[in-house]
Amino acid sequence: MQVNQLHPWPATVAEAESIQDRLRAQVDLTGGPTAFALVAGLDVHYHGDDELTAAVVVLDGGTLAPVERVVAHGRAAFPYVPGLFAFRELPALVTALERLTVTPDLLVCDGYGLAHPRGFGLACHLGVLTGLPSVGVGKTPFVGTHEPPGQERGAWTPIVHEGATVGRALRTQRGVKPVYVSQGHRISLDVATEQVLRLAARYRLPEPIRHADHLARHPT
DNA sequence: GCGACAG
DNA sequence: ATCTTGTCGC
């Protein structure tokens with residue numbers, strides 16, 4: 001698939017932050033499709049110093065059967081700074097997406113979207129670059145506060161940051177730690193939550209991310 | 001001001 | 001993210 005060119009690469013924290021502030025204006029949070037024929041999971045595995053492998057696995061949105069798998073090897077493109085995490089993985093993830101022969105209808109990203117210090121996490125960034133609907137799924141809390149959701153599958157509570165709801169803590173399986181869902185691009189919070197719950201059919205994390213995680217760790 | 005902080 | 005054993009539960 002085609003992905004828009006990454007803007008001049010930031011050399012400093014201030015430059016990276018200003019790119020986020022500029023691209024944030026392009027995020028569409030008003031909604032979009034509510035059904036997705038092809039769903040992609042994205043993840044990155046780190047080895048050694050700055051080496052990494054990005055993996056994308058596209059699943060049939062109905063059966064959740066894998067349709068295509070691609071990887072891209074590279075190096076971390078930025079130091080790790082909370083809030084600028086996306087700049088580490090973006091080049092390798094974009095390379096992997098460009099190697100897909102099919103175009104997904106939804107990107108399920110490992111990390112946050114709107115629930116971010118400047119409202120522009122990895123999921124938003126990938127959504128804007130591709131133009132595709134995207135959702136962020138975090139494994140640990142980041143910004144904002146929330147009450148613990150009920151123990152049953154599907155229970156959720158809002159994540160509130162600076163007076164606004166920016167995501168949801170969602171219990172995807174009974175008795176597991178919640179995952180943190182936030183909008184990336186072209187998706188409502190309701191649809192994002194519904195999709196993450198549906199995709200996390202058997203385990204805590206959504207199937208697309210589990211497949212991508214496995215592929216990034218065991219490339220073939 | 002200080003600490004904490006997605007992966 | 002990664003470095004790592006044992007242990008509990010399905």
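Not measured: the values here are computed from a predicted model. Reminder, nothing fancy here: chain letters follow the sequence lines and each chain counts from 1.
Residues meeting the side chain to side chain contact (heavy atoms under 4.5 Å, CB included) test with A/T140, sequence neighbours left out: none. Residues meeting the ring pair (Phe, Tyr, Trp, His ring centres under 6.0 Å) test with A/H211, sequence neighbours left out: none. Partners of A/L29 by side chain to side chain contact (heavy atoms under 4.5 Å, CB included), not counting sequence neighbours, listed by chain and number: A/V27, A/L114, A/Q183. Looking at residues two or more places apart in sequence or on another chain, you find a side chain to side chain contact (heavy atoms under 4.5 Å, CB included) between A/Q20 and A/L84, A/F87, A/H116, A/R118, A/F120.
Nowhere does DNA chain C pair in an unbroken run of 3 or more (Watson-Crick or G-U, both distances under 3.5 Å).
Residue contacts shown for A/L122 include a base, since a base heavy atom lies under 4.0 Å away. The residue A/L93 sits apart from the nucleic acid: no heavy atom pair falls under 4.0 Å. As judged by a 4.0 angstrom heavy-atom cut-off over every strand, A/H47 is placed among residues making no nucleic acid contact. Note on A/G138: only backbone sugar-phosphate atoms sit closer than 4.0 angstrom, heavy atoms only; bases stay farther off. Within 4.0 Å of A/G136, counting heavy atoms only, lies no atom of the nucleic acid at all. Using a 4.0 Å heavy-atom distance criterion, A/Y80 is classed as a base contact.
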With Watson-Crick and G-U wobble geometry limited to distances under 3.5 Å, how should the secondary structure of DNA chain B be encoded in dot-bracket form, using | for bases paired to another strand and [ ] for crossing pairs?
.......

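Within residues 184-207 of chain A, no residue approaches DNA chain B, by heavy-atom distance under 4.0 Å. For the segment residues 140-159 of chain A, residues with any heavy atom less than 4.0 angstrom from an atom of DNA chain B are, sorted by number, A/T140, A/P141, A/F142.
The stretch residues 160-189 of chain A participates, sequence neighbours left out, in these salt bridge (Lys or Arg N to Asp or Glu O under 4.0 Å) pairs: A/R168-A/D190. The stretch residues 152-186 of chain A participates, sequence neighbours left out, in these ring-ring contact (aromatic ring centres under 6.0 Å, His included) pairs: A/H146-A/Y180.
Scanning DNA chain C 5' to 3' for nucleotides with an atom closer than 4.0 angstrom to a non-hydrogen atom of chain A gives a first and last hit of C/dA1 to C/dT2. In summary, contact between chain A and DNA chain B, defined as any nucleotide atom under 4.0 Å from a heavy atom of the protein, begins and ends at B/dC5 to B/dG7 in the 5' to 3' direction.
Both A/L100 and A/L90 belong to a common hydrophobic cluster when Ile, Leu, Val, Met, Phe, Trp and Tyr are linked at side-chain heavy-atom distances under 4.5 angstrom. Residues A/V70 and A/I209 do not share a hydrophobic cluster, clusters being chains of Ile/Leu/Val/Met/Phe/Trp/Tyr side chains in contact below 4.5 Å.
In summary, A/D21 and A/R24 engage in a salt bridge, as defined by a charged side-chain N under 4.0 Å from a carboxylate O.
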